[in-house]
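Chain identifiers are assigned alphabetically (A, B, ...) following the order of the sequence lines, protein sequences preceding nucleic acid strands; residue numbering begins at 1 within each chain. None of the values given here were measured: they were computed from a predicted structure.
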Amino acid sequence: MDERITRLNERPVAPGQAVVYWMQRSQRSSSNLALNEAVERANELRQPVVCYFGLDDSYPQTTARDYRFVLEGLQDVAQGLRERNVRLVVRREQTVQGIARLAGELKASLIVTDESHLRLGRRRRKQAALLLEDFDIPLWSVDNDVVVPVRVIGREQYAARTIRPRLHRLRDQYLHPIPNPSAVAAPPQVESAVDLKNLDGTLAVLQVDRRLERSALYVGGERAAQQTLERFVTELLVRYHTHRNDASVDVTSNLSPYFHFGHMDPWTAALTVGRADVPREAKESFLEELLVRRELASNFTFYNEQYDTLAGLPEWARATLQEHASDEREQVYTLTELAEARTGDDLWNASQQELLLTGSMHGWVRMYWGKRILEWTRTPATALSHTLHLNNLYALDGRDPVSFANILWCYGKHDRPWPRRPIFGTVRSMTRSGANRKFDVARYIGRIDALKEVNSQA
DNA sequence: ATCGGCTCGCGCAA
DNA sequence: TGCGCGAAGCCGAT
């Protein structure tokens with residue numbers, strides 16, 4: 001357990017009146033190791049637990065759709081925390097200032113938060129640790145959203161094949177059901193400024209980008225996440241290993257938005273799939289995605305500060321893209337043309353429509369989507385910046401480590417060289433003819449058109 | 001439908 | 001120092 005906890009300032013547990021769980025990434029009331037740490041320490045101290053969430057509408061590259069998903073999630077959190085005797089406080093403010101103020105109000109003994117594997121999140125936690133140090137309040141973070149803590153792996157991994165044996169060796173040690181202990185002391189009365197029961201009213205006052213209001217597919221929250229997992233396991237998992245790259249008959253889990261906001265945790269997903277009555281290959285294929293690929297992504301963003309630039313790539317990839325940077329492009333599209341799904345490739349347009357409508361994209365198609373943008377922009381640096389912009393703004397799992405790793409993979413990260421081609425150099429290419437060979441493209445496009453139809457009538 | 005060649009560098013055996 | 005092998009490919013040959 002200790003390698004999961006980082007003491008972000010040097011203060012010992014203070015003689016205060018409550019323990020605060022500062023909820024950030026892990027927006028769930030169960031299977032939450034940071035919340036559990038807060039509850040256990042509070043119970044030792046015979047103090048109550050308060051869970052704080054700062055709803056900050058100045059978060060970059062977000063839309064109303066993201067906030068709706070978050071608020072739906074907080075409705076489930078409120079109910080789940082009541083059952084664990086923990087008070088939820090949600091206030092509309094910048095979360096670093098908010099946690100410092102609440103810590104003073106409550107005379108907190110200790111604040112526990114969940115780990116971030118990204119620059120912005122880690123910077124925020126550092127700032128808070130410094131503010132709280134002045135009040136003599138300790139801040140701890142718990143590596144709460146990966147099965148094997150990133151610090152146990154210890155350094156950046158070159159590829160899936162290097163992290164895979166390490167994760168498999170450590171799996172039995174870390175993959176167990178997470179308990180949900182309750183706080184013993186009665187929670188204090190604290191003002192919670194955001195009304196979660198009136199979701200539309202709360203959304204209406206936020207100063208957010210309203211171009212996207214809701215997803216045609218996803219409802220946020222732990223309950224929806226659990227239902228999505230159960231449907232995946234009972235209906236889709238049996239064909240996962242044979243059809244996961246066939247976008248025309250989507251058998252993927254659709255869990256990535258829930259993982260991004262912490263509505264689902266990797267222990268519940270892995271253990272539920274492990275118990276399923278399906279062929280071994282199906283389970284292994286999913287666990288490869290969930291454990292190896294997902295945790296490789298967190299390893300990447302945690303240990304490589306350059307996770308969103310070409311500088312994050314291995315040397316061979318950077319060199320070969322540079323070498324081919326001035327290759328002739330048959331088509332060049334602007335960011336607006338891409339965002340509005342107005343290219344000459346109907347498969348690509350459908351994938352962008354899927355992103356706009358639902359907030360996510362089929363796994364294989366997502367790679368194709370990223371690789372094609374490289375062909376349609378003047379330089380790899382422009383391609384990457386366009387791709388990151390579209391993904392951050394429109395995907396519900398934008399700004400997730402998995403998103404950054406997936407996008408950099410399109411430029412050679414965690415991959416190997418392949419035969420030389422225009423623009424790509426020795427980075428692996430993906431073509432429309434390849435997609436046609438691989439699955440029924442017209443059927444995928446039809447599926448997205450139908451979604452568009454239903455959505456425009458609603 | 002399946003296979004080989006294309007290409008590079010890590011990790012482990014030696 | 002050598003060798004096996006790797007996220008989702010492509011193309012052409014069988």
Side-chain angles (χ1 to χ4, degrees), chain A residues 153-170 239-253 256 281-301 303-304 307 312-324 327 330 345 347-348 350-351 354 360-375 387 391 400-441 444:
Chain A
I153 300 299
R155 62 187 171 97
E156 189 186 359
Q157 297 294 301
Y158 188 82
R161 78 188 128 85
T162 65
I163 202 173
R164 187 179 294 112
R166 291 174 168 86
L167 289 172
H168 282 301
R169 229 178 292 133
L170 294 159
R239 286 179 299 157
Y240 190 78
H241 58 305
T242 50
H243 289 79
R244 99 194 129 81
N245 289 335
D246 183 344
S248 71
V249 288
D250 189 3
V251 298
T252 55
S253 70
S256 59
E281 301 91 302
K283 295 185 195 186
E284 277 175 4
S285 179
F286 180 76
L287 291 175
E288 168 75 14
E289 306 284 316
L290 178 66
L291 299 180
V292 179
R293 303 307 313 195
R294 184 166 179 275
E295 304 211 351
L296 176 62
S298 288
N299 171 274
F300 172 44
T301 60
Y303 286 110
N304 191 331
Y307 57 76
L313 297 174
E315 191 48 45
W316 68 266
R318 235 184 314 165
T320 198
L321 288 172
Q322 180 57 41
E323 227 175 288
H324 289 264
D327 287 4
E330 276 184 32
D345 176 352
L347 169 55
W348 194 92
S351 71
E354 182 177 19
S360 78
M361 206 185 285
H362 182 274
W364 187 90
V365 170
R366 197 168 191 160
M367 301 297 102
Y368 176 81
W369 174 84
K371 294 267 187 190
R372 301 258 32 203
I373 295 172
L374 179 54
E375 288 181 81
T387 307
N391 192 71
D400 190 272
V402 171
S403 270
F404 289 112
N406 275 336
I407 289 170
L408 271 285
W409 178 84
C410 297
Y411 298 75
K413 188 74 196 178
H414 298 150
D415 204 7
R416 62 182 168 123
W418 295 84
R420 190 173 295 274
R421 307 185 62 78
I423 301 172
F424 288 93
T426 57
V427 169
R428 180 197 307 246
S429 69
M430 288 170 87
T431 62
R432 178 55 195 269
S433 60
N436 290 341
R437 237 178 289 128
K438 209 168 176 71
F439 66 95
D440 186 343
V441 171
Y444 167 73

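Under the side-chain contact (heavy atoms from CB on, under 4.5 Å) criterion, Pro417(A) pairs with Trp316(A), Thr426(A), sequence neighbours left out. Scanning for ring-ring contact (aromatic ring centres under 6.0 Å, His included) contacts around Phe424(A) gives an empty result, with sequence neighbours left out. Contacts of Lys371(A) classified as salt bridge (charged side-chain N to carboxylate O under 4.0 Å, His left out), with partners at least two apart in sequence or in another chain: none.
In summary, the side chains of Arg366(A) and Asn391(A) do present a donor paired with an acceptor at a separation below 3.5 Å, with no hydrogens or angles considered. Neither side chain, Glu281(A) nor Tyr240(A), offers a donor N or O lying under 3.5 Å from an acceptor on the other. When only modelled atom types and interatomic distance are considered, Gln157(A) and Asn299(A) share no side-chain donor-acceptor pair under 3.5 Å.
Of the P atoms belonging to dG11(B) and dA7(C), the separation is 13 Å, rounded to the nearest Å. As rounded to the nearest Å, dA14(B) and dC5(C) have P atoms that lie 14 Å from one another. As rounded to the nearest Å, dG4(C) and dG4(B) have P atoms that lie 15 Å from one another. Nucleotides dT7(B) and dC11(C) are separated by 16 Å at their P atoms, to the nearest Å.
Among the atoms of the strands shown, base atoms are found under 4.0 Å from some heavy atom of Glu289(A). When heavy atoms are screened at a 4.0 angstrom cut-off, Trp316(A) is found touching the sugar-phosphate backbone but no base atom. Across all strands, Arg421(A) comes closer than 4.0 Å only to sugar-phosphate atoms, never to a base (heavy-atom distances).
Residues from residues 424-439 of chain A that place a heavy atom under 4.0 Å from any atom of DNA chain C, listed by number: Arg428(A), Ser429(A), Met430(A), Thr431(A), Ser433(A), Gly434(A), Arg437(A), Lys438(A).
Each of Glu284(A), Glu288(A), Glu289(A) was compared with Arg244(A) under the salt bridge (charged side-chain N to carboxylate O under 4.0 Å, His left out) criterion, and only Glu289(A) meets it.
If you take CH2 of Trp369(A) and C1' of dG9(C), they are 20 Å apart, rounded to a whole angstrom. As rounded to whole Å, 21 Å separates atom P of dA8(C) from atom CZ of Arg294(A). Between the CD atom of Glu323(A) and the C1' atom of dT7(B) there is a distance of 13 Å, given to the nearest Å. In this entry the distance linking CD1 of Ile153(A) with P of dC10(B) reads 18 Å, nearest Å. Spacing between atom CZ of Arg155(A) and atom C1' of dG11(B) amounts to 10 Å, rounded to whole angstrom units. A straight line from NE2 of His241(A) to C1' of dA7(C) spans 17 Å, rounded to a whole angstrom. At whole-Å resolution of the value, CD in Glu295(A) and C1' in dA7(C) are 17 Å apart. The CG atom of Asp415(A) sits 7 Å away from the P atom of dA8(C) (whole-angstrom rounding).
Closest to the side chain of Arg166(A), from the set dC8(B), dG11(B), dC11(C), is dG11(B). The side chain of Thr162(A) sits closest to dC10(B) out of dC11(C), dC10(B), dA8(C).
The residue among Tyr158(A) and Pro165(A) whose nearest nucleotide of DNA chain B lies closer to the 5′ end is Tyr158(A).
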Find every protein N or O atom lying less than 3.5 Å from an N or O atom of nucleotides 3-6 of chain C, and list the pairs.
none

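Counting heavy-atom neighbours within 6.0 Å of Arg432(A) CZ, excluding the residue itself, gives a total above 12.
Consecutive Watson-Crick or G-U pairing (both distances under 3.5 Å) extending over three or more pairs maps onto DNA chain B as B:1-6 with C:9-14, B:8-13 with C:1-6.
Comment: Glu315(A) does not engage Lys413(A) in a salt bridge, judged by the lack of any side-chain N to carboxylate O separation of less than 4.0 angstrom. No salt bridge links Asp246(A) with Lys438(A); every basic N to acidic carboxylate O contact stays at or beyond 4.0 Å.
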(request) Start with the C-alpha distance between His324(A) and Arg420(A), add both sets of side-chain angles, then the distance that settles side chain to side chain contact (heavy atoms under 4.5 Å, CB included), and finish with yes or no. (result) CA-CA 10 Å; His324(A) 289 264; Arg420(A) 190 173 295 274; 2.9 Å; yes
(message) Is there a side chain to side chain contact (heavy atoms under 4.5 Å, CB included) between Val292(A) and Leu287(A)? Walk through the geometry before answering.
(response) CA-CA 7 Å; Val292(A) 179; Leu287(A) 291 175; over 6 Å; no
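The side-chain heavy atoms of Trp409(A) and Arg428(A), taken from C-beta on, include a pair separated by under 4.5 Å.
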